[in-house]
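Read through the structure below, which is laid out as structure tokens, and then see the notes.
So that the names make sense, note that chain A is the first sequence line, chain B the second, and so on, each numbered from 1. Quick caveat: nothing in here was measured; it's all calculated off a predicted structure.
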Amino acid sequence: MKFSQLLCPTLKETPREAEVVSHQLLLRGGYIRKVASGLYSFLPLGYRVLKKVEQIVREEMNATGAQEVVLPCVTPAEFWQQSGRWDKYGKELLRFKDRHDNEFCFGPTCEESITDLVVQSVKSYKQLPITLYQIHTKFRDEIRPRFGLMRAREFVMKDAYSFHITNESLDKTYSVMQAAYERILTRCGLAFQLVSADSGQMGGDESAEFMVLAETGEDAVLVAKDGSHAMNTEVADTKPDLDRNLYDEVRGIEVGHIFKLGPKYCEAFKAVVLDENGKNVTMTMGCYGIGVSRIMAAAIEQHHDQDGIIWPMALAPFQVVILVSSMRDDALVAEAEALYASLVAVGIEVLLDDRSESVGVKFKDASLLGIPVQVVVGRDWKESGNYEVRFRQTGEVVSLAALDAVSYLKNRVVCP
RNA sequence: CGGGGCGUAGCGCAGCCUGGUAGCGCACCAGUUUUGGGAACUGGGGGUCGGAGGUUCAAGUCCUCUCGCCCCGACCA
């Protein structure tokens, strides 16, 4: 991609509405724009990052044997009445009527819809266990949306649901999901903490949250000093005899939550299969959510500095940006374009900053955008034929012979 | 919903108290000179001053109502 063609309206000044750093930098970097409170458009760079997170989630889900589906965003009121949540969910559930005066809501989560699907299509214990997931838009009419993508009303979530006839089977899938979530967050380059949690409105027996550690996190977490476990302070508050001296309190951003739901929804939907004796048994269920768009924000909260975003390699919209120090120097431009073509040819995601801006602007924008590797074709190349390579995260600066550039950069953009 | 703050060009702001031709910086367009950490000059374009009503000869400014946005709280993946 050439920067001169890219829709990327960077801002020098922070919009007044943005309070937290991820929101500020996403706006300043031209990643997102606000449409209304809690509603955001993703611009090309923002969408690239979102797709990176989605793809990591998808790969790890598929690796567990989970199957990807898509359910409608709009669901009929009957589903929610059947589970009892039409009354319980409150105003967070966005409700409306169609032209026939039938009631619907925009799904904030999909236990009802997925259970309905499974009821229709799963009839035998031989089809179990099964895990279905989707990566899709959710809407929750939050009391107070805030902090940009951190607590938006419309957001992208991966929600997975597993169905079983034994608790042992549910336990097993729950563990598999936990391990998958650990791999997802590790691949995303995030430091996180697994915490036992309150299952809240979802119901169920056991749940755990995945917290991305960041001082700006909305949640407080108690981590045992011996490292053995951690819990949300919401849970700690229900344990009056807990010795808080044995814990350190840290802040976290909840990016994932896994639940053993049990039979609640399956009972409500009469989700039964025939067992090996030909008898009806009610299924039991687990659900597993990851805030895909929230991970974007959390990654920035954890990885930024005064100059801007510092994307982990796996999430970066581009791995490399080539800065041409002067667009009026034909030799420089030709060299940069040749380098660009050869990097593209080996599959590196590279942005060529071919704008007729001063090199200072290009440095500032490259740092703000958080592209992991900056390759400068300029002064050094004129003098010695070398490129100057700068690493956003470490500040390391390397002088690189042009001949070695492709193989060197290929090695340096590998995701851990 | 309670408390607080803010709405003036894409972004950041001044002007309001004390009513009288709607401004500044950045961004944008054209031209010239520039190009190693947000260049300079010249010339341009862009505004229902959030909306409605009122007071007045005259409202961005005063009054009333209203909508939106942000922060704190309750709530929450």
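- Look at the P atom in both B:C16 and B:C6: the space between them is 15 Å, to the nearest Å.
- The side chain of A:S358 places an N or O atom within less than 4.0 Å of a non-bridging phosphate oxygen (OP1 or OP2) of B:A39.
- Distance from the side chain of A:R379 is smallest to B:G36 among B:G36, B:C76, B:G38.
- Taking atom CG on A:D353 and atom P on B:G36, their separation rounds to 14 Å, with Å as the unit.
- Residue side chain A:E388 reaches the base of B:G36 through a donor-acceptor N/O pair under 3.5 Å, judged by distance alone.
- As a whole-Å value, the separation of A:E357 CD from B:A39 P is 8 Å.
- Looking at A:S367, its side chain comes within 3.5 Å of the base of B:G37 through a donor and an acceptor atom.
- A:K12 has a side-chain polar atom (N or O) that falls below the 4.0 Å cut-off from OP1 or OP2 of B:A27.
- For A:Q374, counting side-chain heavy atoms from C-beta on, the closest listed nucleotide (B:G37, B:A77, B:C75) is B:G37.
- Remark: P of B:C6 and CZ of A:R16 are 9 Å apart, rounded to the nearest angstrom.
- Using a 30° and 60° split on the angle between ring planes, A:Y181 and A:F210 fall in the tilted class, from 30° to 60°.
- In this structure, the aromatic ring of A:F259 is not positioned over the six-membered ring of the base of B:A77 within 5.5 Å between centres and 30° between planes.
- Residue-to-nucleotide proximity on RNA chain B shows that, of A:P145 and A:V359, the 5′-proximal contact is made by A:V359.
- Distances were taken from every side-chain heavy atom of A:R140 (C-beta onward) to each of B:C69, B:A77, B:G36; the shortest belongs to B:A77.
- Regarding contacts with the backbone of B:C76, every side-chain N or O of A:R144 stays at 4.0 angstrom or more from both OP1 and OP2.
- If you take atom C1' in B:C69 and the same atom in B:U8, they sit 15 Å apart, rounded to whole Å.
- Across B:C1, B:C71, B:C69, the shortest atom-to-atom separation from the side chain of A:K34 is found for B:C69.
- Residue-level contact check: A:V376 touches the bases, meaning some heavy atom is under 4.0 Å from a base atom.
- Residue A:D380 is in base contact, counting any heavy-atom pair closer than 4.0 Å across all strands shown.
- Ring geometry for A:F104 versus A:F96: interplanar angle under 30°, hence parallel rather than tilted (30 to 60°).
- Distances from the side chain of A:E142 to the nucleotides B:G36, B:C76, B:C71 place B:C76 closest.
- For A:E17, the side-chain atoms get nearest to B:C70 when compared with the rest of B:U35, B:C70, B:A77.
- Side chains of A:Q134 and A:D159: a donor on one and an acceptor on the other come within 3.5 Å.
- Closest approach of A:T131 to A:A160, counting heavy atoms only: CG2-CB, 4.3 Å.
- For A:F363, taking side-chain heavy atoms from C-beta onward, the closest of the listed nucleotides B:G25, B:C75, B:G36 is B:G36.
- Closest heavy-atom contact between A:H136 and A:C73: CE1-SG, 3.5 Å.
- Ranking B:G7, B:C75, B:G38 by closeness to the A:K364 side chain, first place goes to B:G38.
- One C1' atom belongs to B:A74, the other to B:U66, and the distance between them is 26 Å to the nearest Å.
- Between the CG atom of A:L7 and the C1' atom of B:A27 there is a distance of 14 Å, rounded to whole Å.
- Contact check on A:R392 versus A:D307 returns no salt bridge, with no Lys/Arg side-chain nitrogen under 4.0 Å from an Asp/Glu carboxylate oxygen.
- There is a side-chain donor-acceptor pair under 3.5 Å between A:Y265 and A:R85.
- Checked by distance alone, A:R151 brings a side-chain donor or acceptor within 3.5 Å of a matching partner on the base of B:C76.
- When distances are taken from the side chain of A:R294 to each of B:A77, B:A74, B:U35, the shortest belongs to B:A77.
- Comparing the same atom, C1', in B:A22 and in B:C1 gives a spacing of 38 Å after rounding to whole Å.
- When the side-chain nitrogen and oxygen atoms of A:T10 are compared with OP1 and OP2 of B:G38, none of them lie within a distance under 4.0 Å.
- Residue A:R390 places its side chain closer to B:G36 than to any other of B:G36, B:A77, B:A39.
- With hydrogens and angles ignored, a donor-acceptor pair under 3.5 angstrom links the side chain of A:D365 to the base of B:G38.
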